[in-house]
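Below is one structure, written out as structure tokens; the observations come after it.
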Amino acid sequence: MVEISTSILSMEKEKATKTFYNLETANTDYIHIDVMDGKFVQNNNHKLMKEYATTIRQISNMPLDVHLMTYNIKDYIEQYIDLEPNIITFHIEAVKSKEEAYEIIKFIKENNAKVGISIKPNTKVEDIYEFLPYIHMILVMTVEPGFGGQKLIPETLEKVKKLKQYIEENNIEVDIEVDGGINSETAEMAKQAGANILVVGVYIIKSEDYKKTISELKK
Ligand code: DX5
Ligand code: ZN
């Protein structure tokens with residue numbers, strides 16, 4: 001059984017509150033908040049995403065799965081802490097050194113959130129092996145970060161397979177989340193590869209019946 005983290009990146013602003021309510025009743029496991037600073041990725045939506053996350057927290061207890069596609073990671077973590085996110089994920093490509101990565105891991109834990117590290121399609125899984133014992137989740141990007149509605153890059157699922165094998169061989173407890181281009185067929189491929197949390201944006205947000213779409217993806 002996989003968990004579903006619905007990305008609201010492609011949601012229409014005027015439908016926000018209704019969408020949040022519908023997602024809560026459709027039993028999404030998380031709401032995936034895609035924070036973009038206009039520097040790490042060209043899109044800049046961080047003010048709007050903070051607004052959405054605040055609204056969600058005002059009307060529900062849905063767990064927030066915050067995906068920081070930003071530099072100045074600590075500043076963005078501080079912006080979200082008061083919303084009590086379930087997990088905060090940063091990009092390994094956005095830190096200057098391993099020491100900085102360990103500092104951020106510690107900072108997120110000190111602020112009572114779980115820690116995720118994300119890798120872009122061209123980043124090797126080996127680059128994050130050393131952090132695995134200290135974090136809760138690896139977010140393997142299955143598209144280039146920055147936009148919703150893109151097609152999954154099949155080669156990225158080879159990374160998921162490799163990561164799954166490594167954590168099993170080394171008895172490491174860590175969730176594997178995939179993000180980008182997930183629909184009914186790619187969800188199957190991602191599960192086979194070893195992912196246990198699926199981020200899904202357009203495929204849920206544009207669907208007629210959230211509850212039905214989410215329960216099908218979970219099978
Ligand atoms: C892309 C984001 C993803 C994206 C997923 O940079 O990190 O979370 O919103 O959306 P879909 O499922 O539409 O590809
Ligand atoms: Zn994301």
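All ligand and atom numbering here is 1-based and tracks the order in the structure. Everything numeric in this text was worked out from a predicted model, so none of it was measured. Heavy-atom basis, side chains included; hydrogens, waters and symmetry copies ignored.
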**Message:** Walk me through whether Glu103 and Lys106 qualify under salt bridge (charged side-chain N to carboxylate O under 4.0 Å, His left out).
**Reply:** CA-CA 5 Å; Glu103 243 178 66; Lys106 183 166 165 287; over 6 Å; no
Show the atoms of ligand 1 that are less than 4.0 angstrom away from any heavy atom in [X].
| X | value |
| --- | --- |
| Val199 | 8 (O) |
| Gly181 | 11 (P), 12 (O), 14 (O) |
| His32 | 8 (O) |
| Gly149 | 11 (P), 13 (O), 14 (O) |
| Gly180 | 14 (O) |
| Val202 | 11 (P), 12 (O), 13 (O) |
| Met36 | 6 (O) |
| Leu9 | 9 (O) |

Aromatic plane relationship, [Y] with [X] - under 30° parallel, 30 to 60° tilted, over 60° perpendicular:
| X | Y | result |
| --- | --- | --- |
| Tyr52 | Phe20 | perpendicular |
| His46 | Tyr76 | perpendicular |
| Tyr102 | Tyr134 | perpendicular |

List the closest protein heavy-atom neighbour of [atom]: residue, atom name, distance to the nearest 0.1 Å.
| atom | value |
| --- | --- |
| atom 12 (O) of ligand 1 | Gly201 N, 2.7 Å |
| atom 6 (O) of ligand 1 | Gly146 N, 2.7 Å |
| atom 1 (C) of ligand 1 | Phe147 O, 3.3 Å |
| atom 8 (O) of ligand 1 | Asp179 OD1, 2.6 Å |

Answer yes or no: does atom [atom1] of [X] have more than 12 heavy-atom neighbours from other residues, nucleotides or ligands under 6.0 Å?
| X | atom1 | value |
| --- | --- | --- |
| Lys15 | NZ | no |
| Lys109 | NZ | yes |
| Gln42 | CD | no |

**Item:** side-chain contact (heavy atoms from CB on, under 4.5 Å) between Tyr129 and Leu163, worked out
**Value:** CA-CA 8 Å; Tyr129 280 172; Leu163 182 57; 4.2 Å; yes
**Residue of the set Ile88, Ile104, Asp37 for which side chain to side chain contact (heavy atoms under 4.5 Å, CB included) holds with Ile73** = Ile104
**Message:** Taking 2.8 Å as the limit, list every protein N, O or S atom around the Zn ion (ligand 2), by chain and residue number.
**Reply:** His32 NE2, Asp34 OD1, His67 ND1, Asp179 OD2
**Message:** Distance check, rounded to the nearest 0.5 Å: Lys219 atom NZ versus Ile214 atom CD1?
**Reply:** 12.5 Å
**Asked** When you look at Arg57 and Glu84, which way does the salt bridge (charged side-chain N to carboxylate O under 4.0 Å, His left out) test go after all the steps?
**Response** CA-CA 8 Å; Arg57 193 43 84 239; Glu84 295 179 322; 5.1 Å; no
**Asked** Would you find a donor on one side and an acceptor on the other, under 3.5 Å apart, between the side chain of Thr28 and the backbone of Ile31?
**Response** no
**Asked** Between Asp127 and Thr123, is there a donor-acceptor pair closer than 3.5 Å when you use the side chain of the first and the backbone of the second?
**Response** no
**Asked** So which bit of Ile205 gets within less than 4.0 Å of ligand 1, heavy atoms only: side chain, backbone, both or neither?
**Response** neither
For [X], is at least one N or O under 3.5 Å away from an N or O on ligand 1?
| X | answer |
| --- | --- |
| Glu144 | no |
| His67 | yes |
| Asp34 | yes |

**Request:** Using distance alone, with no hydrogens and no angle criterion, decide if Asn183 and Thr186 have a side-chain donor and acceptor under 3.5 Å apart.
**Result:** yes
